[in-house]
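Only this structure's heavy atoms are used, side chains among them; waters, hydrogens and symmetry mates stay out. Treat the numbers as computed from the prediction; the structure is a model and nothing was measured.
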Amino acid sequence: MIVDKEYCMSSFLLYRRVVKQNVGFKENLVPNTIPLKWDRKPIRDSFELEKHLRKTINNVTKGQNVAIALSGGIDSAILAKMVPKGSVAYTFKCTAGNKPTIDETVQAAKYAKECGLKHKIIEITWDDMVKYSEVLMKHKNSPLHSIEVQIYKASLCAKKDGFDKFIFGETADVNYGGLSKILSKDWHLGDFIERYAYLKPWLVLKNPKIDFSSFYEYENDGYMNVHKYLSNFDIIESLNSYVNATETANIEFIAPFANTYLGTDLDLNRIRNGENKYLIREIFKRLYPKFELPNKLPMPRATDQWLEDWQGPTRPEFIKHCTDNMSGDQKWLVWVLEKYLNMINNVKRLLYS
């Protein structure tokens, strides 16, 4: 392996993962990543997608009750219609004292009732983020996406409840045009990097080591192929987050959408006219004819509230006051990177923890 801490720090901030294989923060600490290639079925219309999802669910459940992560959105709601009645649906709810946070439990409860599922709410607090992040980083050999803690806590609950498989609706967005804001225009390469880089390393680190090559691979004549970038490159970071969390909890991760890809050109006109994820919308309307399509929300995480009073990193690798104008999700990337560096260097005193 190659030890290159500067590259690993910059890659994590830029892409939320260490992109290069066999490169780590420290000797014998190679980040765990899933294979870059796996079997995926091309999908051409909503009926073909629905058939694939049903077949996958039937194969993994074999008529037995299972655990399913159920949000307030349409991806997991579709899968909820396909699992056996009596299965258990787990919905995440992040709390931050008296501060308001996104709450998907009300909408998820409606889906659970419609589908005849038992509904359990998994409450996530800042104490959980601190408590579980270390065990997850030990398994991953790298810092984490903020969603991994809630996936892990729910996976522990599902495992305790007697389940060996946990079904998620992940990758529907990147595969089928769900990220309407980033698909709203044609992007020049430089503008896309400026917009889509999770956190610019040169604004955070004193010695950044920048590698834009992963963006360059999806550029053509100066423009980004955004859908191809999302469904072939960005998907790896997403899946790694889920796989790490579920593997650490010793439960099997099932993602029926992940074994597919759009086998036709993405209809950007439909998306830009307000019909994002149009194939999945068609399935939802068939399965839930009496339901209104809900507004799209990302997986809830109360990082804005949790890290509101954090004063920023203190390690020498970081620029002082670099987090002053950051969003909560950006602060998390810096907080967890500093915590990981402290952890692998055996620094016992962890600020804001």
Side-chain angles (χ1 to χ4, degrees), residues 1-5 7-38 67 69 90 92 94 122 124-168 170-171 198 234-255 258 299 301 303 306 315 329 332-348 350 352-353:
M1 69 165 290
I2 299 171
V3 176
D4 192 339
K5 188 179 78 170
Y7 164 77
C8 289
M9 290 191 297
S10 295
S11 183
F12 173 72
L13 295 175
L14 190 60
Y15 300 109
R16 287 198 304 216
R17 70 180 176 99
V18 178
V19 174
K20 290 181 180 178
Q21 302 294 295
N22 205 36
V23 180
F25 286 84
K26 192 175 181 180
E27 192 68 37
N28 299 320
L29 293 179
V30 178
N32 294 324
T33 57
I34 64 171
L36 296 177
K37 302 289 184 182
W38 64 98
Y90 299 87
F92 309 148
C94 295
I122 306 297
I124 313 295
T125 67
W126 176 246
D127 287 342
D128 292 321
M129 304 298 283
V130 174
K131 175 182 177 183
Y132 293 128
S133 58
E134 187 164 333
V135 65
L136 289 164
M137 287 192 285
K138 285 180 180 178
H139 185 267
K140 196 173 190 179
N141 287 337
S142 82
L144 307 169
H145 190 307
S146 58
I147 65 173
E148 294 185 46
V149 169
Q150 48 257 56
I151 298 168
Y152 176 65
K153 186 174 182 180
S155 297
L156 289 177
C157 184
K159 189 70 178 179
K160 185 178 179 181
D161 289 343
F163 298 109
D164 295 316
K165 299 175 182 178
F166 206 167
I167 297 172
F168 292 84
E170 182 56 16
T171 78
Y198 290 109
D234 200 53
I235 192 174
I236 301 297
E237 181 273 322
S238 169
L239 288 175
N240 271 306
S241 297
Y242 282 80
V243 170
N244 182 59
T246 52
E247 274 190 355
T248 307
N250 195 30
I251 196 168
E252 185 179 354
F253 169 63
I254 305 295
M299 182 182 289
R301 56 235 189 216
T303 48
W306 289 331
R315 286 183 62 94
D329 284 340
W332 166 265
L333 295 178
V334 180
W335 181 89
V336 78
L337 175 57
E338 181 175 47
K339 180 168 183 176
Y340 183 69
L341 295 174
N342 283 340
M343 189 177 79
I344 64 176
N345 292 329
N346 297 315
V347 176
K348 299 299 182 182
L350 300 175
Y352 207 75
S353 61

Backbone of [Y] reached by a side-chain donor or acceptor of [X] within 3.5 Å:
X      : Y      : result
Asn240 : Ile236 : yes
Trp306 : Met129 : no
Lys159 : Asn250 : yes
Glu338 : Arg315 : yes
Ser11  : Cys8   : no
Asn141 : Val30  : yes

Nearest-0.5 Å distance, [atom1] of residue [X] to [atom2] of residue [Y]:
X      : Y      : atom1 : atom2 : answer
Tyr7   : Phe25  : OH    : CZ    : 10.0 Å
Phe163 : Ser155 : CZ    : OG    : 12.5 Å
Leu333 : Tyr198 : CG    : OH    : 9.5 Å
Lys131 : Leu136 : NZ    : CG    : 12.0 Å
Ile122 : Gln150 : CD1   : CD    : 11.0 Å
Thr33  : Leu239 : OG1   : CG    : 11.5 Å

Give every residue pair that meets the salt bridge (Lys or Arg N to Asp or Glu O under 4.0 Å) criterion with at least one member in residues 235-247, sequence neighbours excluded.
-> Arg16-Glu237

Qualifying salt bridge (Lys or Arg N to Asp or Glu O under 4.0 Å) pairs, either residue in residues 22-35, two or more places apart | none

After noting the C-alpha distance and the side-chain angles of Ile147 and Phe92, does the key distance pass the side chain to side chain contact (heavy atoms under 4.5 Å, CB included) rule?
-> CA-CA 10 Å; Ile147 65 173; Phe92 309 148; over 6 Å; no

Which is it for Glu134 and Lys339 under the side chain to side chain contact (heavy atoms under 4.5 Å, CB included) test, yes or no, and what are the steps along the way?
-> CA-CA 8 Å; Glu134 187 164 333; Lys339 180 168 183 176; 4.2 Å; yes

Does the side chain of Lys140 come within less than 4.5 Å of Ser241's, by heavy atoms?
-> yes

Side-chain heavy-atom pair Cys157, Tyr90 within 4.5 angstrom cut-off = yes

Please name the pair of heavy atoms, one in [X] and one in [Y], separated by the smallest distance, quoted to 0.1 Å.
X      : Y      : result
Phe12  : Pro143 : CZ-CB, 3.5 Å
Gly24  : Pro31  : CA-CD, 3.9 Å
Ala258 : Trp38  : O-NE1, 2.9 Å
Trp332 : Ser133 : CH2-CB, 4.5 Å
Asn244 : Thr248 : O-OG1, 2.6 Å

side-chain hydrogen bond (donor to acceptor under 3.5 Å, both in side chains) filter on Tyr340, not counting sequence neighbours, yields none

Side-chain donor-acceptor pair under 3.5 Å between Thr303 and Asp329, yes or no?
-> yes

Apply side chain to side chain contact (heavy atoms under 4.5 Å, CB included) to the pair Leu341 and Lys5, showing each step before the final yes or no.
-> CA-CA 9 Å; Leu341 295 174; Lys5 188 179 78 170; 4.0 Å; yes

Going through the checks in order, is the side chain to side chain contact (heavy atoms under 4.5 Å, CB included) test met by Leu144 and Tyr132?
-> CA-CA 11 Å; Leu144 307 169; Tyr132 293 128; over 6 Å; no

